[in-house]
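Below: the structure, in structure tokens.
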Number of protein chains: 2
Amino acid sequence: MLKLTKKADYGLMALKYLAEHPESPALSAKDVADAYGIPAQLLAKILQRLTKAGMLRSQAGINGGYALAKDARTISAYEVILAIDGPFFITSCSKGAKGCELGPNCTIREPLARVNETIAGVLKSISIQDLAEHESAPASPGCDSKDLITLTG
Amino acid sequence: MLKLTKKADYGLMALKYLAEHPESPALSAKDVADAYGIPAQLLAKILQRLTKAGMLRSQAGINGGYALAKDARTISAYEVILAIDGPFFITSCSKGAKGCELGPNCTIREPLARVNETIAGVLKSISIQDLAEHESAPASPGCDSKDLITLTG
DNA sequence: TGTAATCCCGACCAAATTAGTCGTATACTA
DNA sequence: TAGTATACGACTAATTTGGTCGGGATTACA
Ligand code: SF4
Ligand code: SF4
């Protein structure tokens, strides 16, 4: 539960891989898939989605493939997950959903919605760059994310 | 994706409900289920798990049922989710798992593990009490949760 | 003692979601 | 034009989740 889908996982990995190989003009889906031993066709579909979402550029034909369309540090994990799995909410309801309609009955929805935002915030604060140089460079010194925390009260 | 299961959701609701009715010595699974219109048998199983995990006391027989075994503010959303759905990790791997064994191949696992901890931390900081009085009383003033944030770097 | 209410628990089935495959069309390069 | 690649939708398979059933054990009380 509360798991990232493998697709999102693959997507992040692929993006990270591309970020680590800026020299190549383009890497094919197969290249990346082979590098990690994941199904090439599945990864292809994922990369297509990321392309449509604007974070990759694609090139068909021989020597074609994918390359980052933006700077690695401007792509957040959140965007990636969003593009691959669609909008995410930890509750089944949340705004705009056809989920469980306990509506007024349910008073835990609001606090949970805040948890949701917190998680989204965390995910937004992580860039592909952060993943690539995984020797974790302190990007948020001090307590500038204080707002993320206020959800408990 | 990244969704709370309905079981966990139900569990939180039930706990909140019990927290709101401290006068009753015990409420049956059916009582709670009816209050929210959720399947009684399913809720029963959930409550059993919470009982085994020590956050509820149960009483069989006529006029039996469940009651909180601890103060509502000492029960965190995290415990509840853990008891109902088992250990949660956003990645398929994470320590102790039989998940995807890209092992050394995968360098995104470590940053994601930190995201995981952050989420866990947030969940831990929310008590049943917080859910019950959902007019959100600031429980964490200032920036005492700074550590939750350092995952980005 | 007997009965009704209730918890307990494992096995089971059904629905939903996720993972992965296939087939075909299209684009690009040499 | 041959070969390599993306694009995309439909399909199937695997896994997870949601929910049900049935039998058994406890307890209260008449
Ligand atoms: S129970 Fe409440 S929080 Fe959960 S899905 Fe339904 S309305 Fe949302
Ligand atoms: S790809 Fe990496 S992060 Fe994802 S499950 Fe496998 S080892 Fe873990």
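So that the names make sense, note that chain A is the first sequence line, chain B the second, and so on, each numbered from 1. The structure presented is a predicted model; accordingly, all values stated were derived computationally and were not measured. Note that these values count all heavy atoms, side chains included, but never hydrogens, waters or copies made by symmetry.
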So which protein nitrogen or oxygen atoms get under 3.5 Å of nucleotides 23-28 of chain C's nitrogens or oxygens?
| residue | atom | partner | partner atom | Å |
| --- | --- | --- | --- | --- |
| C:dC28 | O3' | A:Q59 | NE2 | 3.3 |

Using a cutoff of under 3.5 Å, can you pull out all pairs of nitrogen or oxygen atoms linking the protein to nucleotides 9-15 of chain D, with atom names and distances?
| residue | atom | partner | partner atom | Å |
| --- | --- | --- | --- | --- |
| D:dA10 | N6 | A:K45 | NZ | 3.1 |

For residues 33-54 of chain A, which residue pairs qualify under salt bridge (charged side-chain N to carboxylate O under 4.0 Å, His left out), counting only residues two or more places apart or in two chains?
A:K30-A:D34

Could you state the [atom1]-[atom2] distance from [X] to [N], rounded to the nearest angstrom?
X	N	atom1	atom2	value
B:L56	C:dT6	CG	C1'	15 Å
B:L47	C:dC7	CG	P	8 Å
B:I46	C:dC7	CD1	P	13 Å
A:L50	D:dT6	CG	C1'	14 Å
A:D31	D:dT4	CG	P	13 Å
B:Q48	D:dA25	CD	C1'	12 Å
A:K3	C:dT18	NZ	C1'	11 Å
B:K6	D:dG19	NZ	C1'	10 Å

Hey, does the side chain of A:S58 come within less than 4.0 Å of D:dA7's phosphate (OP1/OP2), counting only N and O?
yes

With respect to the phosphate group of C:dT18, does any side-chain polar atom (N or O) of A:Y10 fall under 4.0 Å of OP1 or OP2?
no

Listed partners of A:K124 passing side chain to side chain donor-acceptor pair (under 3.5 Å), at least two apart:
none

Proximal nucleotide (of C:dC8, C:dT21, D:dA5) relative to the B:T51 side chain
C:dC8

Could you check whether B:K7 gets within reach of a base, just the sugar-phosphate, or nothing at all, counting any heavy atom under 4.0 Å?
base

With heavy atoms under 4.0 Å as the rule, sort A:A44 into base, sugar-phosphate or nothing.
nothing

Non-neighbouring partners of [X] that pass side chain to side chain contact (heavy atoms under 4.5 Å, CB included), sequence neighbours left out:
X	result
A:A120	A:Y78, A:F88
B:A67	B:R57
A:A19	A:L68, A:A72, A:I128, A:A132
A:D71	A:R73, A:T74

If you round to the nearest 0.5 Å, how far is OH of B:Y17 from CD1 of A:I108?
14.5 Å

Determine whether a donor-acceptor pair (N or O, by modelled atom type, separation under 3.5 Å) exists between the side chain of B:S76 and the backbone of B:E79.
yes

Any pair counted as side-chain hydrogen bond (donor to acceptor under 3.5 Å, both in side chains), so long as it reaches residues 58-68 of chain A, sequence neighbours left out
none

